[in-house]
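Throughout, numbering of the chain's residues begins at 1 and tracks the sequence. Atom set for the values below is all heavy atoms of this structure, side chains included, hydrogens, waters and symmetry mates excluded.
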Amino acid sequence: MKKAVFNTIVQLNARPVVARSLKKFAMSRWSCPLIKPFIRTYDIPFEEALLPLPAFHSLHDFFVRELKAEARPVAVEDDAFVSPCDAVLSVVPDLTPESRFVVKGQHYTVAELIGSKQQADTYANGVALIFYLSPKDYHRVHTPVSGEIETSYTLGKESVPVNTYGLTHFKRPLTRNYRRVTRIRSGKQTFEHVMVGALNVNTIVETHKTSSLEQGEEFGYFSFGSTVILICPADALALKQNVEGFVRMGQSLGQWNGSE
């Protein structure tokens, strides 16, 4: 029961008017008494948080908490491509020549996801990495490999749930929801870094300061639960075996082969 209530608050799984009210409540001091029950309900390791409990003035403050650097060490292997966030990772290998992929039985195209047929063609036969964040996860998103931002823009107006129900029953939410699409060049290759917004509100906040990004650097955060998608070109990323499942930010997912 408690998880159902917290899921409704932090994923904003309600009608627009209700979702806006929940957002306002979660960002107010009146939500502070819910922080400790939230920690207990999801068994969150609070000792990882950078700030002490009294420093959080709302449930939202805690939801977007920063962590101590040692809680999420970034892989040091040469050319490591690391997880940008804490999430459950699903890999879609071998994108079709039209750059199509399937999630929960629904067909998507990279062109629709990033809003460019021409750019999508460069990802034919590539790979899609889809990171599903849950309420208990650390909700700040980082950079998987060092690089330079080439373009960054927003697409989409809808915001339906991106949980299992939403991905199954709503029409292609990953390519219709509000999202931030950022193209990053690392060496000779580019990849798409897409943050997909949550239900009914703009929940994506960018925190990086420059167009130059270092591996593991914070890129931004989700105010409420959502999804990250990385689209990589063919032969640019050599994934490790059995990489799917729960991953942590900074964990090596494979080797980036785009370096000069």
Side-chain angles (χ1 to χ4, degrees), residues 1-13 19 22-76 80 82-89 129 131-146 162-163 180 193 195-199 201-210 213-228 230 245-253:
M1 180 63 181
K2 285 184 179 179
K3 282 191 177 181
V5 172
F6 283 127
N7 282 345
T8 298
I9 294 174
V10 301
Q11 294 185 339
L12 301 180
N13 291 330
L22 289 173
K23 179 186 178 184
K24 185 176 180 180
F25 170 74
M27 299 180 78
S28 75
R29 63 185 179 88
W30 300 106
S31 65
C32 281
L34 295 181
I35 295 176
K36 287 184 178 179
F38 185 81
I39 293 171
R40 290 194 298 268
T41 299
Y42 290 105
D43 195 23
I44 294 171
F46 178 72
E47 67 277 5
E48 294 181 344
L50 179 64
L51 300 177
L53 194 61
F56 299 105
H57 301 298
S58 68
L59 180 61
H60 173 267
D61 281 355
F62 180 75
F63 190 73
V64 299
R65 64 195 176 279
E66 295 179 88
L67 301 184
K68 298 172 183 175
E70 59 268 25
R72 294 294 182 275
V74 178
V76 296
V82 305
S83 175
C85 55
D86 286 13
V88 173
L89 170 61
L129 309 180
F131 300 83
Y132 301 101
L133 287 77
S134 73
K136 66 180 178 62
D137 293 328
Y138 168 60
H139 269 68
R140 290 181 180 258
V141 179
H142 295 247
T143 307
V145 66
S146 298
V162 287
N163 54 19
R180 165 67 61 178
H193 179 287
M195 297 175 67
V196 183
L199 182 62
V201 290
N202 175 1
T203 61
I204 301 169
V205 179
E206 290 183 87
T207 57
H208 65 90
K209 304 300 183 183
T210 69
L213 300 171
E214 294 297 322
Q215 182 194 59
E217 178 183 348
E218 185 180 308
F219 183 90
Y221 64 81
F222 289 112
S223 288
F224 298 91
S226 205
T227 300
V228 176
L230 303 179
F246 181 75
V247 294
R248 287 188 167 197
M249 193 289 292
Q251 174 183 333
S252 177
L253 303 178

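Taking CD1 of Ile35 as the start and CZ of Arg40 as the end, the distance is 12.0 Å to the nearest 0.5 Å. Arg248 CZ to Asp137 CG: the interatomic distance, rounded to the nearest 0.5 Å, is 9.5 Å. Between the NE2 atom of His142 and the OG1 atom of Thr207 there is a distance of 7.5 Å, given to the nearest 0.5 Å. Note: Glu217 CD to Thr143 OG1 = 5.5 Å, rounded to the nearest 0.5 Å. We find the CG-NE2 distance between Leu129 and His193 to be 11.0 Å, quoted to the nearest 0.5 Å. Between the CG atom of Leu67 and the CD atom of Glu47 there is a distance of 10.5 Å, given to the nearest 0.5 Å.
For Leu230 against Pro144, the heavy-atom pair with the smallest separation is CD1-CG, 4.1 Å. Between Val82 and Ala75, the closest heavy-atom pair is CG1-CB, 3.9 Å. Between Val247 and Ser83, the shortest heavy-atom contact is CG2-OG, 3.4 Å. Here the closest non-hydrogen pair linking Ala49 and Lys68 is O-CE, 3.3 Å. Glu218 approaches Tyr138 most closely through the heavy-atom pair OE1-OH, 4.5 Å. When all heavy atoms are compared, the tightest approach of Cys85 to Leu133 is SG-CD1, 4.0 Å.
Ring geometry, Phe56 versus Phe46: the interplanar angle exceeds 60°, so the pair is classed perpendicular (tilted spans 30 to 60°). Under the 30°/60° scheme for interplanar angles, the aromatic rings of Phe63 and His139 are found to be tilted.
A 4.5 Å side-chain heavy-atom check between Val141 and Phe131 finds every atom pair outside the cut-off. The side-chain heavy atoms of Val228 and Phe222, taken from C-beta on, include a pair separated by under 4.5 Å. Residues Leu53 and Ile39 meet the side-chain proximity criterion, which asks for heavy atoms closer than 4.5 Å.
At least one donor-acceptor pair under 3.5 Å links the side chain of Ser28 to the backbone N or O of Phe25. Proximity of a side-chain donor or acceptor of Thr227 to a complementary backbone N or O of Tyr132 within less than 3.5 Å is not detected.
A search for salt bridge (charged side-chain N to carboxylate O under 4.0 Å, His left out) contacts involving Asp86 returns Arg72, not counting sequence neighbours.
With Tyr221 as the fixed residue, the side chain to side chain contact (heavy atoms under 4.5 Å, CB included) test singles out one of Glu206, Arg65, Arg140, Met195: Arg140.
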